[in-house]
Structures are given as structure tokens and as C-alpha cells.
Visitor: 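Have a look at this one before I ask anything.
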Amino acid sequence: KKMINSVSNADAKVGAYPFTTTKPQLGVVLHKAREFVLADIPGLIEGAAEGAGLGLRFLRHLARTRLLLHVVDLAPLDPEADPVRDAKAIAKELKKFDVSLAKKPRWLVLNKLDLVPEDEREARVAAFVKSMRYKGPVFAIAAISGDGCRGLTYAIQDWLDAHPAEPAPNAPATDAPAVLTPAPVRARRRRTAAPTEDA
């Protein structure tokens, strides 16, 4: 189950393969008498800022949000994937697309903790954060079971309450998402095999 399904009223398509999401999914997260909108965008690939994949279209959605959640799978489906490398790649894509976007508050959410042996979880999370040289808030969750998701949504609501939106002068009210979760980035791999006859 995707994180947005676990914490909101969304009913996003779930698949056991990368890039299941092909368009932004919105969900309302209820927290006591308060609520906020969470948006899940399709996965990005390296080069998204230059238009690779669908990234350029969806990077524009990020500009309308107040807080970014960078969701990274600690146990990716692809055995050759490097979560740290991919997380760094998405940070570079944000900066290349828009420097102000890269400066938005961005939290690190490490997902699929359930697929990591329990006695290795703390060390795995610490090693990831150290490799990223990341200094901000970190949340380790298992979206499929909801473990850790409640604490994350409470923290988001507290942050939103402490940082109210400031509408631009004379701008009409909008229903822009308060939080947006960039799906795990996927770096484009260089082709190493010799070209075939019909390549």
C-alpha cells in the first residue's frame, strides 16, 4: 500500500513495480479537527529538470506546495538500485529546475522499513542519513502496515500550524496541496551492452 493510501482518504493504484503512479494523486489527511492535502507525484528520473520522463510536468506542481516529503525506499525492488545515490539525484534535479524550489523545507521519509531486519533498522537508517549528510527531520516508516505514519502526519500538521501559508497580495484563494511527496527518484543508467541490429 502506498503511503498516501495509508495516511489519507486517497485510493491510489498500487503495483509491485516501479513508476506505478503516472499522475499526481491527492488525499486529505485528517488530524483531529484539522486537515491538510497530501499530493503524491510520479517518480522522477535523473534529467527530469531537462524534460526527461514525465518529470518536468510534475516538478511544476512542487512550486505550489509548502513542505516537501522526499520518500526513499530503504529496500528498493531493484537489487541494483542505490537509494543514497538516487536521493542525491532528486535533490540535484530540484535545484536545477528552480533554486527556490530546492530551498523549500524538505523532510526525509525512509519507507519499507518492514523489509529490513529489525535488528538492522536503526543502523541502516543512521548510515543512510550519514551518507546523505542530511541535517533535517527524518522519519522511518512502513507504509504497507502504517507503522510510523501517524507520527509523520502529526509532525506535518504541527509544522503547518507553525508555518501558516502567506497568500500573495491580491491573489485568489487556492486549494493547493500543503504537502507533496516526490516519489523515489530513479537515475538513468548508462547503456553498457553493444547495440543490437534493430537498436
Visitor: Once salt bridge (Lys or Arg N to Asp or Glu O under 4.0 Å) is applied, do any residues pair with Glu35, and if so which ones, sequence neighbours excluded?
Guide: none

Visitor: What heavy-atom pair brings Asn111 and Ala143 nearest, and what distance separates the two atoms?
Guide: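 Shortest heavy-atom separation between Asn111 and Ala143 comes out as OD1-N, 3.0 Å.
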
Visitor: On a heavy-atom basis, which atom in Val84 and which in Met132 lie closest, and how many Å separate them?
Guide: O-SD, 3.8 Å

Visitor: Please report the closest heavy-atom contact between Pro83 and Val72, naming both atoms and the distance.
Guide: CB-CG1, 3.9 Å

Visitor: Donor-acceptor pair, Arg121 side chain versus Ala140 backbone, under 3.5 Å?
Guide: no

Visitor: Are the side chains of Asp114 and Ile144 in touch, meaning some heavy atoms are under 4.5 Å apart?
Guide: yes

Visitor: Leu69 versus Ile156: any side-chain heavy-atom pair under 4.5 Å?
Guide: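 The answer is yes; the side chains approach within 4.5 Å.
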
Visitor: Measure across Trp159 and Arg66 and return the closest heavy-atom pair with its distance rounded to 0.1 Å.
Guide: CH2-O, 3.4 Å

Visitor: Do Asp86 side-chain atoms and Ala81 backbone N/O form a donor-acceptor pair below 3.5 Å?
Guide: no

Visitor: Any idea which heavy atoms bring Ala75 and Leu115 closest together, and the distance?
Guide: CB-CB, 3.7 Å

Visitor: Hey, could you give me each pair passing ring pair (Phe, Tyr, Trp, His ring centres under 6.0 Å) that has a residue in residues 111-150? Not counting sequence neighbours.
Guide: Trp107-Phe139

Visitor: Looking at every non-hydrogen atom in both residues, tell me the closest pair between His70 and Ala87 and how far apart they are.
Guide: CE1-O, 3.4 Å

Visitor: Taking atom CD of Glu120 as the centre, does the number of heavy atoms from other residues, nucleotides or ligands within less than 6.0 Å exceed 12?
Guide: yes

Visitor: If only atom types and distance count, is the side chain of Lys104 paired as donor or acceptor with the main-chain N or O of Leu68 below 3.5 Å?
Guide: no

